[in-house]
Amino acid sequence: ENTDSRSLCRIHFHSFSILVCDPADVISTVEFNQSGEFLATGDRGGRVVIFQREPQGEYNVYSTFQSHEPEFDYLKSLEIEEKINKIRWLPLHNPAHFLLATNDKTIKLWKVSERDKRAEGYNLRDEEGRLKDLSTVTTLQVPVLRPMDLLVEASPRRVFANGHAYHINSISVNSDCETYLSADDLRINLWHLNITDRSFNIVDLKPENMEDLSEVITVAEFHPHHCHLLAFSSSTGTTRLCDMRARALCDQHAKLFEEAVDPSRRSFFSEIVSSVSDVKFSHSGRYLLTRDYLTVKVWDLNMENKPVETYQVHDYLRTKLCSLYESDCIFDKFECAWNGTDSVIMTGAYNNYFRMFDRASLRDVTLEASREVCKRRAVLQPRRVCVGKKRKETDVSVDSLDFRKKILHTAWHPKENIIAIAASNNLYIFQDRLTPNGHHNTPEIQSAPPKWQTQPNPPTY
Amino acid sequence: MAGAEGDDSLYPIAVLIDELRNEDVQLRLNSIKKLSTIALALGVERTRTELLPFLTDTIYDEDEVLLALAEQLGSFTVLVGGPEFVHNLLPPLESLATVEETVVRDKAVESLRKISQEHSPVDLEVHFVPLVKRLASGDWFTSRTSACGLFSVCYPRVSSTVKAEIRQHFRTLCSDDTPMVRRAAASKLGEFAKVLELDYVKSDIIPLFTALASDEQDSVRLLAVEAGVSIATLLPQEDLEALVMPTLRQAAEDKSWRVRYMVADKFSELQKAVGPEITKTDLVPAFQNLLKDCEAEVRAAAANKVKVFCENLPEDSRETIIMTHILPCVKELVSDTNQHVKSALASVIMGLSTILGKDNTVEHLLPLFLVQLKDECPEVRLNIISNLDCVNEVIGIRQLSQSLLPAIVELAEDAKWRVRLAIIEYMPLLAGQLGVEFFDEKLNSLCMAWLIDHVFAIREAATCNLMKLVEKFGAEWAQNTIVPKVLGMANDSNYLHRMTTLFCINALSGVCGQEITTKHMLPVVLKMSTDQVANVRFNVARCLQKIGPVLDSSALQAEVKPVLEKLATDQDMDVKYFALEAISVLSLCSSKLCMLVQFTHSSSQTSPHEPSQCDRIGIGTCLLQHAICFS
């Protein structure tokens, strides 16, 4: 099959592996590294779990460490949660891997490295640590390194603290590989990766009088290739592009991406649903993907007044905004992702559904990530949400959607059709049946935990 | 070797070696810092065959341990058997040069550069150059960045074939995929150019420089600016225009403010490198543009260079250039919207007066100074005031005093104590410039008011200021103007002000001399020994200790000693402590007290300066017991 002409509906996502984390810890962020060999998740418990792709293609736990602990700010009488808000991998330095993880206030740079040698031979002690009889010590012994079982260690290399008065929502590493940004509700700071005691404020939306506050920063991200460009979005539905070459302070934007709202469709909820919950530059650097409550939009960096593409994620919710507002669901922050070639867009929805949009064919699909359907080897079946009468057995009516089951965090492998979907405390990893690199007929499924293997009811085709 | 000397001498070394891998970082660090001791005990042979291989693989350690190791290895040549064996140090340094931590890598490179000089030319080609090549073609950017710093040290000492290879490696690194390596190459470009033959500078370095200066990464381009300055110094004048200037001109107008900032920051070096003609034709307009840049950071950096730039202009046209090209820009900067720009300008603008001479200063600069003295930002005013001496030499300070005084008064009363502190520090300088009369009339009251400031740092600085004023104006002036006021504060109801009197006396007794101290100050101090606040009493003891050396012995014996002896039996622990200390320091011990004092002293040895609270309690209790014995 010609992979180039493959359209979205022919990407058959398999339930490839289901990695279930500790039930107490809801996954709060998912991120592949630059090669896709590693996948990191952060959770509400402040833990970071790193998965490594085995040669067979399966992702297994590589390292788990506690990145953040709950803290208390005594000056402000505020509890600081340990929840990991964002993880960003640094480009490879050396055999070790580096990632930035942040909670609401503190950003940490972690090094994850392997050790396979151990020093042996003490002068004054034997290998069990007992003191030797000193009279037997007649010559000096220099320790020697011997191979040992592989040990993966995570060590905190830098702690970037006290840079933010509000909650950090984003971090993004610059393409110059020496700086990164961190954004909170009102400000964006620029840090040098080697300097922890100072950062530069580059955007400040805080008004003199907090009562004049009209918007907050929701996400900020650096351009993948141009070190001077950064985009940040706000709660008013706008996304701004800033050029750091022009000024040291980027309060004035270079471009403002905003779509005029049809006045006839304005309602009490217009502003809330237009708030941008995620922004991602395409890998090519030419497009911006933004997610608001009901849509995902693709913007061409060269056109500010309207998006080049708009996809409805769950338009059927438009009539339900009132109850979604009452349950606070309307403030859910869904993320979005590009595939490796920028041809497909993915984003999450409710009822453990997630959506994909093929930009060329304009076809879209709804898939479900849940324990019930994600049996090993099974191909994910498209789902349909219907507003009126069910047309098919498998259709789900809007009224029966479970709004507590939401997929906020998704990630797409940088090169292959492998996706990671976080649903509550479960991490699902799906892979296209037609795995690139020619693995067309490889055995797809590794051994699964017994309880998944015994699932009845194969999905009907 | 060591074994023959028996266990006793082995033991400490054995401990050191074992602690190389102790769990406690501090112990590992201590051990690494004594690596030379270990190597000495092992002897050169075992150091080469056992210790160095072990160290080569010890790159898992904490940064601070690796940093210490990298530094140690730089001076290890003797310990491996001298220059003949110096290449044995290369493997551990090579592995250190690839770690991810920049400071460790830099230190490893520094040590490698150091030991490269100890290689014979043959060893350099056989051992050192292959190492550089390995690093330069390493998989990880860390090793390639380290390689950049090593080319210049081996280039001058190798054969021409190897030289060609080295140049090729450097070229490759300049177009590396990662910005980190290109930055490292750009920052070493100038250094490398210096060791290259002039022809190769033109044929190799210039294209690399041009490429780096138009790199897509701002962080690379800005480093190329500095390289450009170094390269410009190497080239003959006639080549500059064609080879370097187009790129530098482009850098001065770069889209990124960070690059322009770098140009502004390196402007005086650039000016020296390109010489007077290009300065006139190119740099003057470039400098004007930088002073008018749209980014405040750039304007501030350029403003900082105004004086040096003007000073180094060719003499024949200096005044014309300043008057027609620079001064108009400076005038605009005086009312810049950004306070950092104004304050940068204020710190150098006074220097222009010596260059322009009296008439121009009065006509053109003075109005600017006056505007800046009234600036809303205190830092601007402070910077002007701190540089008054430059103007004083040219036009005399009187011209300014009308505006100066309000500015000083305002700063002296600023709500921010750091601003008040800054102006206090300039007081002695101002007093010197303005003269005693002006001072007495206008500024004296300010200086006295600071003594009762509610911030301790200000009161402390104010006492120090008084001392410097007395040094300037003499003891007689002190006796007439400040001593009475200081001593008057001894009767203040606020104990903090009473203590200020004591602190002032501490500072002033030395400069005022024996007579004033004995006649006027001592009685006040002694009287204060009965103060009801213990803090005042123990400061009396400290004060007496301080002014003791100024007094003559009769005063010491007759007046100081009884008071200190009385304080030594004070209810308060601290008062007792300082009284006894004073007695000991002034050697006023009577036989009975002597032992006590010696005892106190030996017990306070552990904490030489300020004994901690618990120390004092300990001493106090012991003293009490002793006192009972004596009675």
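Below, chain A is the first sequence line, B the second, and so on; all start at residue 1.
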d(A:Asn123 CG, B:Asp18 CG) to nearest 0.5 Å is 4.5 Å
query: Could you give the distance from OH (A:Tyr122) to CD (B:Glu19), rounded to the nearest 0.5 Å?
result: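 Separation between the atoms: 10.0 Å.
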Sort out for me which of [options] touches chain A most, counting heavy-atom pairs under 4.5 Å.
options                                : value
B:Ile38, B:Leu20, B:Asp63              : B:Asp63
B:Thr178, B:Val15, B:Thr102, B:Asp57   : B:Asp57
B:Met180, B:Glu100, B:Glu295, B:Arg182 : B:Glu100

Minimal heavy-atom distance between A:Val142 and B:Leu51, with the atoms involved, is CG1-CA, 3.9 Å
Between B:Gln217 and A:Cys227 the two heavy atoms that sit nearest each other are OE1-CB, 3.0 Å
I'd like to know whether [atom1] of [X] has more than 12 heavy-atom contacts from other residues, nucleotides or ligands below 6.0 angstrom.
X        : atom1 : value
A:Asp149 : CG    : no
A:Arg157 : CZ    : yes
B:Tyr261 : OH    : no
A:Asp251 : CG    : yes
B:Arg249 : CZ    : yes

Side chain, backbone, both or neither: which part of [X] has a heavy atom under 4.5 Å from chain A?
X        : answer
B:Thr142 : both
B:Glu297 : side chain
B:Thr98  : backbone

**Request:** Using a strict 4.0 Å threshold on nitrogen-to-oxygen distance, state whether B:Asp254 and A:Arg245 make a salt bridge.
**Result:**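 Judged by the 4.0 Å cut-off on N to carboxylate O distance, B:Asp254 and A:Arg245 do not form a salt bridge.
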Heavy-atom proximity to chain B below 4.5 Å, by part of [X]:
X        : value
A:Gln141 : backbone
A:Pro95  : both
A:His225 : backbone
A:Ala248 : both

task: Check the pair A:Asp243 / B:Lys255 against salt bridge (charged side-chain N to carboxylate O under 4.0 Å, His left out), numbers first and verdict last.
output: CA-CA 10 Å; A:Asp243 187 343; B:Lys255 273 191 106 172; 5.2 Å; no
Fill in: Sidechain-backbone polar pair: B:Trp257 side chain, A:Arg247 backbone, donor-acceptor under 3.5 Å
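Yes: the side chain of B:Trp257 pairs with the backbone of A:Arg247.
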Distance-only, no hydrogens or angles: does the B:Arg46 side chain make a donor-acceptor pair with backbone N or O of A:Leu140 under 3.5 Å?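 Checking the backbone N and O of A:Leu140 against the side chain of B:Arg46, a donor-acceptor pair under 3.5 Å is found.
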Do A:Arg158 and B:Glu101 pass the salt bridge (charged side-chain N to carboxylate O under 4.0 Å, His left out) test, and can you show the C-alpha distance, the side-chain angles, and the key distance before you say yes or no?
CA-CA 11 Å; A:Arg158 308 252 193 278; B:Glu101 188 57 53; 2.8 Å; yes
Residues of residues 172-179 of chain A with a heavy atom under 4.5 Å from any heavy atom of chain B, in residue-number order, are A:Ser175, A:Asp176, A:Cys177, A:Glu178
So do the side chains of B:Phe54 and A:Val144 get within less than 4.5 Å of each other, counting heavy atoms only?
no
